[in-house]
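Structure first, commentary second.
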Amino acid sequence: MEPTINALGYRMVGRDALIIMSDGKSCQPVQISRDALTGIQSPPRCDATQLAQYLDVFAEIATRKIETEKAAFDGRISITGDDVRAWRSLNRK
């Protein structure tokens, strides 16, 4: 059975956000850019309420990036507006 990756916590950092993802053995911080936060819903907002409301979506995007090893050269994982748009196109009904 594959380990499950979950969001342990989140917080706003200026106009960006940070979520901590964990597989139970280690933790991975994931930065969520302002354009990702404002691009998730219309009208756009960039606050802790928006982050909490869409935490599941951001955690899903982060999990996919962690599982496919789509980290930056320095190991950081970030979610941008492009990631949100890609998620939307995959989840259109």
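If you're wondering where the values come from, they're calculated on a predicted model, not measured in any experiment.
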Heavy-atom pair with the smallest gap, counting every atom of Arg15 and Leu37: O-CD1, 3.8 Å
Test item: Tyr10 and Leu18 side chains (from C-beta on) under 4.5 Å apart, heavy atoms: no
Criterion side chain to side chain donor-acceptor pair (under 3.5 Å) against Asp83, the qualifying member of Lys70, Lys65, Arg88: Lys65
Enclosure of Arg76 CZ (heavy-atom neighbours >12, cutoff 6.0 Å): no
Any donor-acceptor N/O pair, Asp16 side chain to Arg34 backbone, under 3.5 Å: yes
ILVMFWY cluster, Ile66 and Ile32 together (side-chain gap under 4.5 Å): yes
Shortest non-hydrogen contact between Ala17 and Leu51, atoms and distance: CB-CD2, 3.6 Å
Rounded distance [0.5 Å steps], CD1 in Ile40 versus SG in Cys46: 12.5 Å
Considering all heavy atoms, the nearest Phe58-Ile79 contact: O-CD1, 3.4 Å
Any side-chain donor near an acceptor of the partner, Asp35 and Ser33, under 3.5 Å: yes
Spacing of CG belonging to Asn6 relative to SG belonging to Cys27, to within rounding of 0.5 Å: 11.0 Å
Shortest non-hydrogen separation from Lys25 to Ser22 and the atoms involved: N-OG, 4.4 Å
Nearest heavy atoms of Gly39 and Val84, plus distance in Å: O-CG1, 3.7 Å
Rounded distance [0.5 Å steps], CD1 in Ile20 versus CG in Leu8: 7.5 Å
Glu60 side, atom CD; Trp87 side, atom CH2 - distance, nearest 0.5 Å: 6.5 Å
Gln50 (side chain) donor-acceptor with Thr38 (main chain) under 3.5 angstrom: no
